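Note that the structure is a prediction, hence the values are computed from the model and not measured. Hydrogens, waters and symmetry mates play no part in the numbers below; they use all other heavy atoms, side chains included. Letters A, B, ... are given to chains in the order of the sequence lines, protein chains preceding strands, and every chain is numbered from 1.
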Amino acid sequence: DTEVTQTPKHLVMGMTNKKSLKCEQHMGHRAMYWYKQKAKKPPELMFVYSYEKLSINESVPSRFSPECPNSSLLNLHLHALQPEDSALYLCASSQVGRETQYFGPGTRLLVL
Amino acid sequence: AQKVTQAQTEISVVEKEDVTLDCVYETRDTTYYLFWYKQPPSGELVFLIRRNSFDEQNEISGRYSWNFQKSTSSFNFTITASQVVDSAVYFCALSEAYKAAGNKLTFGGGTRVLVKP
C-alpha cells in the first residue's frame, strides 16, 4: 500500500481565517514532507519532518505552521494567508534515509 | 547546488507513438537518485521510476524505459506506444542520498505530454 491521503481536497479561505490541512500515511514511513505547487510550476519543498521532528524548514513564512502529532499524521496550520498563497499543497512520505517519496492527491487552496 | 532541467515544455503526439522526455541534471554529490514522476490533471504526483547514480543499467518496465547516462548527466524517459491516459505533466527529479533529516527533491520544470486519440 503506497497511499498517502490528504484532506480536504479543496479549501477556500479568507485572509483572516485559520484553517488546517491534514495528511495521513500508514506505510510506516518516518519522514513526511509538505510541498507547495503553483500553477504550471514544479513542487517546492516547504517542510520536512524526520521521526516526528522538524528537520528542514525552507524559510517558509510563519503564517504556515507545520505539526507532526504522530508518525502517521502531518498537519499544516494556516493563518492570515495572502492571495499569493493560493496553490496546490502536496504531502509526501518516505522511509528515513530512503529516497522515494510517495505523494498524496493534494489540497487545492484558494485564498480570497 | 542541485539543478534539473527539462528543456521540453510540451510534447504532443498521436496515440501509439513513442514519446521521449529529456532530463539533464547537475549535482556535486557522488551518490544521488533520479526519479520520474507523473502528474495527471487530478494533481497527484505518481512515482514512476527511480535510478541510483551508481547503477547505469537501463531498464524497461512495461511501456516505460529510461536511459541514464552519467557521462552526460542525462536521464531520459520513454513511453512506448503512448495512450491517451499518458497525458500528464512529467517531472524529472534529483535527490541526495541517505539523509537522515529527510531527502530534498529538486524538480525540473516539467514536460506536459498530450496524447491525442
Modelled atom types, side-chain donor and acceptor of A:Y49 and A:Y33, under 3.5 Å: no

Side chain to side chain contact (heavy atoms under 4.5 Å, CB included) between B:L114 and B:V13, intermediate numbers included: CA-CA 6 Å; B:L114 177 61; B:V13 298; over 6 Å; no

Closest contact, heavy atoms only, A:L54 versus A:P66: CD1-CG, 4.4 Å

A:T7: partners by side-chain hydrogen bond (donor to acceptor under 3.5 Å, both in side chains), with sequence neighbours left out: none

Check: A:Y102 ring centre within less than 6.0 Å of B:F47 ring centre: yes

ring-ring contact (aromatic ring centres under 6.0 Å, His included) between B:Y32 and B:Y25, worked out: CA-CA 11 Å; B:Y32 51 89; B:Y25 63 92; 5.2 Å; yes

Check against side chain to side chain contact (heavy atoms under 4.5 Å, CB included), B:K3 and B:T5: CA-CA 7 Å; B:K3 184 178 179 181; B:T5 302; 3.8 Å; yes

Region of A:R30 that comes under 4.5 Å of a non-hydrogen atom in chain B: neither

Donor-acceptor pair, side chain of B:W66 and main chain of B:R50, under 3.5 angstrom: no

Close approach to chain B in residues 77-86 of chain A, criterion heavy atom under 4.5 Å: none

Per-residue contacts, residues 34-46 of chain A versus chain B, heavy atoms under 4.5 Å: A:Y35, A:Q37, A:K40, A:K41, A:P42, A:P43, A:L45

Residue pairs involving residues 76-85 of chain B (criterion side-chain hydrogen bond (donor to acceptor under 3.5 Å, both in side chains); sequence neighbours excluded): B:T20-B:T78

Distance flag, aromatic centroids of B:Y64 and B:F77, threshold under 6.0 Å: yes

